[in-house]
Amino acid sequence: MHKDISRRDMIRAMGLGAAALAAAELGDTRPAWAEDGFTIASTGGSWGDGLKQAYVVNAGFEKRFNTQVSYAHMIDSVIATKAIAQCGNPPFTVPAVLNAEAVLLAEGGCLQDYDLGVVTNYKDLLPGTFEPPRAGLKSYWAAHTQIVMGLVYNTKRVTAKPTSFMELGSAKYKGKIGIPAYGWVGIQWLHALNQSLGGTPDNIDPGMKAIAELVKKNDAIIMENTDVALKAFTREEIWLMPFWNGRCFSLQAEGVPVDIVYPKGSLQVGNGFPILKGTKFERQAQQFVNITLDAEYQIEMTKRFRYPPSNKKAKLPPELAHYALKDADLVNMMPLDFQKINQHRAAYLARWNKEVLG
């Protein structure tokens with residue numbers, strides 16, 4: 001496929017076309033290097049601060065590698081859009097993204113392989129916490145935490161433990177349910193729910209219909225990011241939502257009466273740092289990725305966010321041991337084809353806007 005056409009198609013698929021297309025069409029008028037310095041791109045708020053503290057401050061990254069770090073905060077889809085728009089001449093060095101965005105960047109030729117001579121912790125990762133080879137890349141993305149989206153619910157308001165995501169449609173909870181925005185992680189949950197209802201990546205009808213009914217018939221509230229959802233649970237503005245294991249445990253630690261179950265349609269993803277092709281900080285990027293896969297620094301993230309580490313050598317202290325995922329927790333996880341998800345991004349976004357939001 002012609003590279004420029006591919007890039008335009010991918011940007012449109014992210015649903016953020018106008019500004020990104022303009023950036024992509026700057027061509028040779030762009031500066032020789034888009035990076036002003038070693039830059040980490042991630043969502044902001046508590047997550048962005050946690051990444052900084054665990055992998056930069058606590059690891060002493062700047063001093064150890066004589067590198068000053070800058071930060072750019074935005075949601076995953078915006079990160080991927082900007083990286084695609086300046087593919088090969090990146091606006092930042094290492095983006096913190098989920099599997100789907102990492103695969104999109106890999107397929108677009110915007111990533112480079114890890115140097116496993118430097119990223120030595122890669123060999124100690126748990127199964128399912130790294131993406132398999134694709135697009136000529138052998139090892140290009142690995143999660144630093146184990147993240148699972150289940151059904152989080154308010155134990156005071158929802159007295160019987162839910163057994164299905166379809167309980168979001170109960171009239172008892174009208175106006176008190178949340179669903180993730182498509183541009184955040186709604187795209188992944190849409191596919192997981194769709195598969196649990198008998199759909200396929202090429203037939204999104206069951207999942208799209210179910211989510212549209214949640215919005216139109218049960219007044220589901222669209223949550224734009226993690227911090228918004230945390231506040232909504234804390235204020236009891238929502239009682240049920242597809243949400244993260246670690247964030248549920250964080251709410252519990254703050255006294256919010258919530259718990260999590262993993263019904264059919266749950267999904268396991270990860271947050272990891274691929275290295276953007278063309279970065280002028282390639283050596284430092286390899287060293288940074290290795291830090292994120294280090295068991296010691298991953299445990300710091302577990303302390304902050306209650307997500308278990310992806311490094312199998314990590315030994316959680318007794319007070320954190322109950323955050324580890326059990327085999328029974330993973331039984332109902334939906335395997336996602338991220339390449340297929342990305343192929344349908346544009347079409348399904350259009351349908352989401354029309355059928356769910358329209």
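The analysis underlying the following values was restricted to heavy atoms, covering all of them including side chains, and did not include hydrogens, waters or symmetry mates.
Within the 4.5 Å cutoff, the side chain of Pro180 has no heavy atoms near those of the Met223 side chain. With a 4.5 Å cut-off on side-chain heavy atoms, His344 and Asp202 count as touching. With contacts defined as side-chain heavy-atom distances shorter than 4.5 Å, the pair Phe288/Val69 does not qualify. Using a 4.5 Å cut-off on side-chain heavy atoms (C-beta onward), Tyr114 and Gln286 make contact. Residues Leu105 and Ile84 have side chains in contact (heavy-atom distance under 4.5 Å, counting atoms from C-beta outward). Counting heavy atoms from C-beta outward, Val94 and Pro274 have side chains that stay 4.5 Å or more apart. Side-chain contact between Asp337 and Gln195 is absent, with no heavy atoms from C-beta onward closer than 4.5 Å. By the 4.5 Å heavy-atom criterion applied to side chains, Gln188 and Val185 are counted as neighbours.
Using a distance-only test at 3.5 Å, with no hydrogens or angles considered, no donor-acceptor pair links the side chain of Asn154 to the main chain of Glu236. Judged by distance alone, the side chain of Asn194 and the main-chain N or O of Leu190 form no donor-acceptor pair under 3.5 Å. Remark: side-chain polar atoms of Ser310 are not paired, donor with acceptor, to backbone N or O of Gln146 under 3.5 angstrom. Listed for the Trp141 side chain is no donor-acceptor partner under 3.5 Å among the backbone atoms of Asn271. Listed for the Asp113 side chain is a donor-acceptor partner under 3.5 Å among the backbone atoms of Ser139. Counting only distance, with no hydrogens or angles, the side chain of Asn89 and the backbone of Gln86 share no donor-acceptor pair below 3.5 Å. Within the 3.5 Å criterion, the main-chain N or O of Lys277 finds no donor-acceptor partner in the side chain of Thr279. Side-chain atoms of Gln298 come within 3.5 Å of backbone N or O of Asn311 as a donor-acceptor pair. Under the 3.5 Å distance criterion, the side-chain polar atoms of Thr155 are matched with a main-chain donor or acceptor of Pro257. A distance-only check finds no donor-acceptor pair linking the side chain of Thr93 to the backbone of Ile40 [under 3.5 Å].
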Going through the distances and angles, do Tyr140 and Arg134 end up as a side chain to side chain donor-acceptor pair (under 3.5 Å)? CA-CA 9 Å; Tyr140 63 93; Arg134 71 175 65 243; 2.9 Å; yes
Can you check salt bridge (charged side-chain N to carboxylate O under 4.0 Å, His left out) on Asp124 and Lys313, steps first, answer last? CA-CA 7 Å; Asp124 297 323; Lys313 290 186 175 180; 3.7 Å; yes
Assess the residue pair Val118 and Gln287 against the criterion (side chain to side chain contact (heavy atoms under 4.5 Å, CB included)); give the C-alpha distance rounded to whole Å, side-chain angles, the decisive distance to 0.1 Å, and a yes or no. CA-CA 6 Å; Val118 177; Gln287 293 161 333; 4.0 Å; yes
Test salt bridge (charged side-chain N to carboxylate O under 4.0 Å, His left out) applied to Glu319 and Lys303, step by step: CA-CA 9 Å; Glu319 66 272 18; Lys303 291 177 181 177; over 6 Å; no
Take Lys280 and Glu35 through the salt bridge (charged side-chain N to carboxylate O under 4.0 Å, His left out) test and state the conclusion after the steps. CA-CA 8 Å; Lys280 62 178 179 178; Glu35 300 162 284; over 6 Å; no
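No more than 12 heavy atoms of other residues, nucleotides or ligands lie within 6.0 Å of CG in Asn66, so this atom counts as exposed by the packing criterion.
Contacts of Phe65 classified as ring-ring contact (aromatic ring centres under 6.0 Å, His included), with partners at least two apart in sequence or in another chain: Phe61.
The OG1 atom of Thr120 lies 4.0 Å from the CG atom of Asn290; values are rounded to the nearest 0.5 Å. Separating the CE atom in Met166 from the CG atom in Leu151 is a distance of 10.0 Å, to the nearest 0.5 Å. Separation of atoms CH2 (Trp352) and CD1 (Ile222) is listed at 5.5 Å; rounding is to 0.5 Å. A distance of 8.5 Å separates CD1 of Ile75 from CD1 of Ile79, quoted to the nearest 0.5 Å. Put simply, CG on Leu104 and SG on Cys110 are 8.0 Å apart, with the number rounded to the nearest 0.5 Å. To the nearest 0.5 Å, the span separating OH on Tyr297 from CD on Gln53 amounts to 13.5 Å.
Trp47 and Phe305 have tilted rings, their planes meeting at an angle from 30° to 60° on a 0 to 90° scale. Using bins of under 30°, 30° to 60° and over 60° for the plane-to-plane angle, the ring pair Phe38/Phe281 lands in the perpendicular bin. Taking the six-membered ring for Trp and thresholds of 30 and 60 degrees, His191 and Tyr348 have ring planes inclined between 30 and 60 degrees apart.
Taking the centre of each ring, Tyr307 and Tyr323 stay at or above the 6.0 Å mark.
Cluster annotation: Trp244 is not connected to Leu126 through the hydrophobic network of ILVMFWY side chains, with a link wherever side-chain heavy atoms come within less than 4.5 Å. Note: the hydrophobic cluster containing Leu51 does not contain Val57 (ILVMFWY, side chain heavy atoms under 4.5 Å, direct or indirect links).
Nearest approach of Gln268 to Leu330, heavy atoms of both residues: OE1-CD2, 3.9 Å. The two residues Tyr55 and Ile291 make their nearest non-hydrogen contact at O-CG2, 3.7 Å. The two residues Ser46 and Asp227 have their closest heavy-atom pair at OG-OD1, 3.1 Å.
With Val258 as reference, Gln252 is the one residue of Arg247, Lys156, Gln252 to meet the side chain to side chain contact (heavy atoms under 4.5 Å, CB included) rule.
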Using distance only, find each side-chain donor-acceptor pair of residues 210-220 under 3.5 Å and give its atom names and separation, not counting sequence neighbours.
{"from": "Lys216", "atom 1": "NZ", "to": "Glu355", "atom 2": "O", "distance (Å)": "2.9"}
{"from": "Asn218", "atom 1": "ND2", "to": "Leu168", "atom 2": "O", "distance (Å)": "2.8"}
{"from": "Asn218", "atom 1": "ND2", "to": "Ser170", "atom 2": "O", "distance (Å)": "2.9"}

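Asp49 has a carboxylate O that lies under 4.0 Å from a charged side-chain N of Arg304, or vice versa, which qualifies the two as a salt bridge.
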